[in-house]
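Written out below as structure tokens is the structure these notes cover.
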Amino acid sequence: MSKHNLQNDYNQIPVPQAALQERIRQGMEQGKREQQIKRPKRLRRLVVSTGLAASLLITSTFVVPSFATAMAKVPLLGQMYRPFLEQENTGTAISQKQLATKIDQVASDNGIDIQVIDAYYDGATIGMNLTATGVPDVKAEARSGLYELFKGDKRFAGTETMELVHFKQVDGIWQGRIEYTLGETKLQDTMRVPVVLTDVFGVKGNWSFNVPVKRLPAVEQVYGTTVKNPVYQTEVTLDKLIQGKGSTSFDYTTRSPKKERARVEMTLLDSSGKEIIHNWTKSTQSVKWTKTGRAAIEQSRLILGNYVITKGSYLLQPSLSIDINTQPIPLTEPLPYRQQSEIHPFNMTVTSIETTPEQVVVEFSTNSRSSQFDTKLDIRNSMRLLEGTEPPDGREIKPKVTVLDADKQTFRSTFRLPEPSEHTREEYYLETGYSNTLVNTPLELRPIPFTVN
């Protein structure tokens, strides 16, 4: 398979600028309201890229079709967008089977009526379908509503969510769908879901609902099957399967060394190792994360919407991502400077840093030849020179990378300074790109076999 340069592919994408700007505006409003969420000062570069795309445009309720189609063709990012084109969500299957419960709640503000016409609770997913009337004539990118689930509900403290519900016109009626995957360890059979919409079709207001949902009959199969991976000091246990009417969920537990945050995601395969759902994202969420004296334990849930698993033999393929915290390196750091995970085999070493008033030259070596995504997003292209440890507004410098020895994987990064500096070594810091490459180079673990009765 030929390699792709993600930046080139990205630059060629026809992005609907107005839609993107509107979603960014909405995201900024969302951020102001999420004061209780502590966010890191600096995120890994590729995590920012994919995570930003996810937070801006990848939700179960808002995707600009032309943008999703374009992004689905891009390596790495495409795997997050294809589900919207191929799989849809749990509500699709529930609607087709006519299993949603009639609700008929209406809220009005500023001349706009929002109605919750029905709701569903399937497996570990809740959702509801809305209609809107009295809406203004606005552009396509503004045909959405900003909503919050579980606002003020102490049972879900810390798990509240703000998202966009996108409305589309069907037979002259504006329709939208809100869908949410539950992250509780023990799922309730019934609940009431507080929902507040605060911005609909660009009009600010308050549309509040308290939607009752009752869980549809589901089949749960308990396994407790553990597969150990001694080389990576990680073991994964398939706890149980939740077989809903329009979805399939898997609960599993990961045990790994507590010094590094290990994240395991799953892909569903048939008994021969073939993907069950083509191009399905590794859709997992953390349910609970704890530490013991020796290990970190994470309970997670894989939810496959619009898919009901049938009887037969299957495999769950785990992939392990390691997320470690690294700090910008002072240019005065003693060399050689080595970065190495306790679990992941990938490593890198800075062997030389030379500074002049005009440039900084860094030589380094690594055993990383490519990422799992077959792109050039690896350590050679992730290294940056920072002006200070927390440069505002992109005050960072990209290097010109030279291959010194391809066989030995040695490289030189040359950073041209924007203006001559007499205090180069004191003013600048190096971000190696190690943690960025590490978290985006997952390791394939041993598959977990199971049977659905």
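Worth saying up front: this structure is predicted, and the values here are computed from it rather than measured.
Other residues, nucleotides and ligands contribute over 12 non-hydrogen atoms within 6.0 Å of the NZ atom of Lys97.
Aromatic rings from Tyr147 and Trp207 are positioned such that their centres are separated by 6.0 Å or more. Less than 6.0 angstrom separates the ring centroid of Phe250 from the ring centroid of Phe450.
A donor-acceptor contact under 3.5 angstrom links the side chains of Gln115 and Asp104, judged on distance only. If you check the side chains of Gln339 and Thr432, you find a donor sitting under 3.5 Å from an acceptor. For the residue pair Asn229 and Arg446, no side-chain donor N or O sits within less than 3.5 Å of a side-chain acceptor on the partner. Side-chain N/O atoms of Tyr232 and Glu444 include no donor and acceptor closer than 3.5 Å. Side chain to side chain, Asn206 and Ser208 meet the donor-acceptor criterion of an N or O pair below 3.5 Å. For the residue pair Asp122 and Thr90, no side-chain donor N or O sits within less than 3.5 Å of a side-chain acceptor on the partner.
Considering every non-hydrogen atom in both Tyr223 and Lys240, the closest pair reads CD1-CA, 4.0 Å.
Between the side chain of Arg215 and the backbone N or O of Gly123 there is at least one donor-acceptor pair closer than 3.5 Å. Remark: the backbone N or O of Thr267 is not paired with any side-chain donor or acceptor of Glu275 at under 3.5 angstrom. At distances below 3.5 Å, at least one donor-acceptor pair connects side-chain atoms of Tyr434 with backbone N or O atoms of Ser341.
One finds no salt bridge joining Arg255 and Glu298 here, because no Lys/Arg side-chain nitrogen approaches an Asp/Glu carboxylate oxygen to under 4.0 Å.
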One pair to check against ring pair (Phe, Tyr, Trp, His ring centres under 6.0 Å): Phe150 and Tyr180. What are the steps and the verdict? CA-CA 11 Å; Phe150 302 113; Tyr180 178 79; 5.3 Å; yes

